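Heads up, the thing below is written out as structure tokens.
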Amino acid sequence: MSRPVVATLDSAALRHNLQVARKAAPHSRVWSVVKANAYGHGIARCWQALSDTDGFALLNLEEAVLLREQGWKKPILLLEGFFHADDLAIIDRYRLTTSIHSNWQIQALARAELSAPVDIYLKMNSGMNRLGFRPEQINAVWRKLRSLATVGEMTLMAHFAEAEKADGITAPLRLVEQAAEGLEAPRSLANSAATLWHPETHYNWVRPGIILYGASPSGQWCDIASSGLQPVMTLQSEIIGVQQLAAGDGVGYGYRYRASGEQRIGIVACGYADGYPRHAPTGTPVLVDGVLTQTIGAISMDMMMVDLTPCPQAGIGTSVELWGNQVKIDDVAQAAGTVGYELMCALAPRVPVNVI
Ligand SMILES: *Cc1c(COP(=O)(O)O)cnc(C)c1O
């Protein structure tokens with residue numbers, strides 16, 4: 001038998017979360033963002049549950065080709081565009097939509113020999129200073145692209161740096177509106193946070209990612225607690241050992257935890273090599289036999305220790321939820337100084353995944 005650690009993906013939750021996103025932006029079409037192998041969940045495992053979407057957005061040509069080979073016929077958007085001019089042949093062959101963020105890409109498009117015009121997303125830098133053309137360049141770049149025979153439908157795209165904040169979209173949205181003046185430009189601006197919290201950003205296409213997987217774009221579960229979003233991934237394992245501590249006993253590497261009195265602890269078959277965050281401190285929430293308790297000491301590569309004081313009935317073989325419906329991935333992430341996004345993406349390949 002393999003180790004008891006296992007991840008379970010809830011297809012019904014994925015389907016439901018897509019509907020939550022749709023209801024939040026009822027007049028927009030939806031790009032379901034499945035980059036990073038569907039935020040660690042696995043594109044091949046997830047895409048069918050999301051097939052009510054209008055399109056999938058991702059980064060890798062390999063992921064796009066996989067979706068086409070699995071039978072997805074509707075749009076696919078390459079969020080970072082193409083990385084080499086040669087990629088245009090694959091974009092053409094698989095009918096992909098590509099973002100355009102740099103001049104060299106425009107030159108490559110101008111020179112390309114394609115079987116049909118390719119749809120593009122012109123990416124504007126609205127303040128984040130990651131990818132994209134500056135607002136004052138947009139008008140000229142838009143017109144240049146519009147003049148190319150190799151370019152089909154065009155959409156203006158931007159991305160928010162702090163859409164989880166109440167006033168986080170005001171300045172970038174103004175820049176987009178100024179840049180788009182005089183252009184008949186459909187727009188796609190909204191990530192998950194803007195989809196949920198800033199309807200004025202919705203326009204033609206929204207691009208939710210993290211909310212499809214049931215975690216919070218702000219990193220705080222409380223911000224989405226009333227949204228109806230449901231966690232998709234449950235990471236579970238079992239207790240494989242029990243220790244009885246006396247006052248002063250140390251636990252794990254570096255004895256980062258010491259018992260202040262008698263204490264019973266469980267050893268769980270899950271560690272940082274499974275994707276659990278090594279920085280999770282003593283006190284990180286964990287569910288043992290349905291009872292909320294906490295981690296104790298440093299997380300090891302393959303194991304971690306948990307306090308069994310609130311669940312004296314627990315012993316070897318007792319089930320443990322590391323995150324899922326009861327223990328929110330956002331809460332584990334917050335304890336470890338990170339965000340749910342990172343924990344999902346870090347689920348290790350050695351963890352078996354069940355889809356229900
Ligand atoms: C990742 C990404 C998204 C989705 O972001 P979430 O915060 O997960 O909703 C949307 N647009 C772009 C350009 C992205 O890179």
Side-chain angles (χ1 to χ4, degrees), residues 13-14 17-25 28-41 43 46 50 53-60 63-64 75-83 96-102 105 120-133 155-165 168-169 172-173 176 186-199 201-221 223-224 227 229 231-233 329-330 333 338-347:
L14 267 174
N17 293 341
L18 175 58
Q19 292 316 313
V20 171
R22 271 206 188 287
K23 283 206 187 100
S28 308
R29 282 187 280 174
V30 178
W31 289 113
S32 290
V33 180
V34 292
K35 64 190 181 190
N37 204 19
Y39 290 46
H41 293 64
I43 290 188
C46 290
L50 293 172
T53 192
D54 300 297
F56 285 109
L58 41 67
L59 306 184
N60 286 331
E63 293 176 331
I76 298 178
L77 170 63
L78 298 171
L79 288 165
E80 292 177 7
F82 47 94
F83 300 95
L96 309 178
T97 301
T98 180
S99 97
I100 299 289
H101 58 77
S102 292
Q105 293 173 319
I120 63 127
Y121 267 48
L122 174 57
K123 192 151 186 175
M124 169 176 148
N125 170 9
S126 59
M128 189 173 188
N129 286 305
R130 213 167 58 173
L131 291 181
F133 293 92
T155 303
L156 183 63
M157 168 189 193
H159 191 53
F160 297 116
E162 46 176 27
E164 69 284 359
K165 296 198 179 151
I169 55 99
L173 190 58
V176 169
R187 288 163 219 187
S188 174
L189 312 177
N191 56 6
S192 290
T195 301
L196 285 184
W197 299 319
H198 299 290
T201 65
H202 289 170
Y203 287 105
N204 306 74
W205 285 82
V206 294
R207 304 189 307 269
I210 192 75
I211 57 174
L212 300 176
Y213 310 98
S216 175
S218 69
Q220 312 255 13
W221 169 257
D223 290 338
I224 59 163
S227 63
L229 293 167
V232 169
M233 184 193 294
I329 197 169
D330 294 311
T338 182
V339 285
Y341 296 79
E342 188 181 15
L343 299 193
M344 294 173 181
C345 291
L347 183 75

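First listed ligand is number 1; within each ligand, the first listed atom is number 1. Heavy atoms only: backbone and side chains are in, while hydrogens, waters and symmetry mates are out. Remember, predicted model here, so these are calculated numbers, not experimental data.
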Quick one: pull up [atom1] in [X] and [atom2] in [Y] and give me the separation to the nearest 0.5 Å.
| X | Y | atom1 | atom2 | value |
| --- | --- | --- | --- | --- |
| His101 | Glu80 | NE2 | CD | 7.0 Å |
| Ser28 | Asn204 | OG | CG | 7.0 Å |
| Leu18 | Ser32 | CG | OG | 4.5 Å |

| query | For atom 15 (O) of ligand 1, what's the nearest protein heavy atom and its distance? | reply | Lys35 NZ, 2.6 Å

| task | Write out the residue and atom name of the closest protein heavy atom to atom 7 (O) of ligand 1, then the distance separating them to 0.1 Å. | result | Tyr341 OH, 2.6 Å

| Where on Arg207 is there a heavy atom closer than 4.0 Å to ligand 1, on the side chain, on the backbone, on both, or on neither? | both

| Among Ser218, Ala194, Ser192, which residue places a heavy atom closest to atom 9 (O) of ligand 1? |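 When every heavy atom of Ser218, Ala194, Ser192 is considered, Ser192 comes closest to atom 9 (O) of ligand 1.
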
I want to check something: taking the side chain as every heavy atom from C-beta on, are [X] and [Y] in contact at a cut-off of under 4.5 Å?
| X | Y | value |
| --- | --- | --- |
| Tyr39 | Leu347 | no |
| Thr97 | Leu77 | yes |
| Val33 | Leu212 | no |

| task | State the atoms of ligand 1, each with its element, that fall below the 4.0 Å cut-off from a heavy-atom position in Ile210. | result | 6 (P), 8 (O), 9 (O)

| Ligand-side contact atoms (ligand 1) for residue partner Tyr39, heavy atom cut-off under 4.0 Å | 1 (C), 4 (C), 5 (O), 6 (P), 8 (O)

| Per the ring-ring contact (aromatic ring centres under 6.0 Å, His included) rule, which among Phe82, Trp31, Trp205 passes with Tyr121? |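 Output: one option passes, namely Trp31.
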
Quick check: does [X] get an N/O under 3.5 Å from an N/O on ligand 1?
| X | result |
| --- | --- |
| Asn191 | no |
| Pro217 | no |
| Leu79 | no |

